[in-house]
Amino acid sequence: MKIAVFSAKRYDREFLDAANRGAGHQLHYFDAPLDADSVGLAAGHEAVCIFVNDRADANVLDALAAGGTRLVALRCTGFNNVDLEAAGRLGLKVVRVVTYSPYSVAEHAVALLLAINRKIHRAYNRTRDSNFSLDGLMGFDLHGKTVAVVGTGKIGCVFAKIMLGFGCEVIGYDKYPSEAFRSLGARYTEPDEIGARADIISLHCPLTPETHHIVNAGSLARAKRGALLINTSRGGLVDTEAVVEALKSGQLGGLAIDVYEQEADLFFRDLSSTVIPDDVIQRLLSFPNAIVTGHQAFFTQEAILTICQTTIDSVTQFASGLPLTDEIKSG
Ligand code: NAI
């Protein structure tokens, strides 16, 4: 089957080619993200393979279907960038990678938490300049602190388990509570208690219309003063301008994010020689108590291997007319 792979980086090519060795699909790689301008590149390809910041809105899906595409394969878990209703109407199947390595993302969330709390980013820069002063580097013990997990699915549960190992009290909120979370020794609570009690809040729920900006000026005002916020899920969960204000006032003690609402214009490319017009991210990057990583939480060898193998397997299932294990159905 001919597959147009968008937003293809060196590592995507390497791991997809390896996964495809026995499958024999024709992979055509494009550096460009999928959007209204680039969609023409997919003409004649029965499958497209896309990533987190590719746009598969109704217009793009219309053009894909018109060009002969029948399968959209996401090489990621989240699918907020695909208009599932339009895909269903056009008869396009959509698959994703349901599970690759929840450890990759949960462990990155922990890395961000440790770094922002113990100011590792600042210490790293200081000691490289032979500055061994400790002023401004004080953190707090995680042991005994209350950690709130919002979204207690696969990644949220792994994160919770690690934090329990640190001796934290773990509370959680999920629209669909699970026994798996409770059985770890964590407990569910309501958003109000998270605000009142959590020293650390880590977001692990999907971006949906319901969760858009769940962290906003109101919820930040109700949070415990000085709490740390970690977001490795999706940028749209957080109203970043409200977060900037909360950091300025000290209401939020620190922020560590791997995702950003406007990341499609920034992430996955080297902009170091460019003047970035996005004042919000620039302001965030100026805070000593904010860390930004560029959507790298998934980026471990184990995760990429599984993502690429699952994607090729899904295309093979589709080509063979088999049921699609990882199909996302609209509604
Ligand atoms: P999952 O589906 O196992 O868990 C998501 C949880 O969120 C579920 O328990 C679900 O019930 C809950 N949820 C749904 N709506 C909710 C709401 N309105 N309020 C509270 N909870 C709600 O997904 P998984 O694998 O744990 O991934 C979580 C998210 O992590 C993904 O949606 C994706 O956005 C993000 N992600 C980020 C990556 C990165 O590299 N930064 C990589 C992979 C995933």
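Order of listing sets the numbers, starting from 1, for every ligand and every atom in it. Side chains are part of it too, since the values below use all heavy atoms of this structure and drop only hydrogens, waters and symmetry mates. All residue numbers in this chain count up from 1 along the given sequence.
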Quick check: closest heavy atoms across [X] and [Y], and the distance to 0.1 Å?
X: Cys308; Y: Phe15; value: SG-CB, 3.5 Å
X: Pro206; Y: Leu237; value: O-CD2, 3.7 Å
X: Ala36; Y: Val60; value: N-CG2, 3.6 Å

N/O separation below 3.5 Å, [X] to ligand 1:
X: Gln296; answer: no
X: Tyr100; answer: no
X: Phe298; answer: yes
X: Thr208; answer: no

Ring centers of [X], [Y] separated by less than 6.0 Å:
X: Tyr29; Y: Phe6; answer: no
X: Phe298; Y: Phe51; answer: yes
X: His295; Y: Phe268; answer: yes

How does Ile155 reach ligand 1, if at all, at less than 4.0 Å between non-hydrogen atoms: by side chain, backbone, both, or neither?
both

Answer with side chain, backbone, both or neither: which part of Asp174 has a heavy atom less than 4.0 angstrom from an atom of ligand 1?
both

Can you tell which of [options] gets a heavy atom nearest to [atom]?
atom: atom 37 (C) of ligand 1; options: Thr77, Val105, Thr232; value: Thr232
atom: atom 15 (N) of ligand 1; options: Cys76, Pro177, Gly294, Pro206; value: Pro206
atom: atom 34 (O) of ligand 1; options: Lys154, Arg234, His295; value: Arg234
atom: atom 17 (C) of ligand 1; options: Val158, Val149, Thr211; value: Thr211

Protein heavy-atom partner closest to [atom] - residue, atom, separation in Å:
atom: atom 29 (C) of ligand 1; result: Ser233 OG, 3.3 Å
atom: atom 22 (C) of ligand 1; result: Cys205 CB, 3.7 Å
atom: atom 16 (C) of ligand 1; result: Lys175 CB, 3.8 Å
atom: atom 19 (N) of ligand 1; result: Tyr173 CE2, 3.7 Å
atom: atom 4 (O) of ligand 1; result: Gly153 CA, 3.2 Å
atom: atom 28 (C) of ligand 1; result: His204 O, 3.3 Å

Can you say whether the rings of His204 and Phe159 are parallel (under 30°), tilted (30 to 60°) or perpendicular (over 60°)?
tilted

For ligand 1, which atoms have a heavy atom of [X] less than 4.0 angstrom away?
X: Asp258; value: 39 (C), 40 (O), 41 (N)
X: Gly151; value: 7 (O), 21 (N)
X: Ala297; value: 39 (C), 40 (O), 41 (N)

Should [X] and [Y] count as an ion pair when the cut-off is N to O under 4.0 Å?
X: Arg13; Y: Asp31; answer: yes
X: Lys175; Y: Glu210; answer: yes
X: Lys145; Y: Glu169; answer: no
X: Glu46; Y: Lys2; answer: no
X: Glu14; Y: Arg10; answer: yes

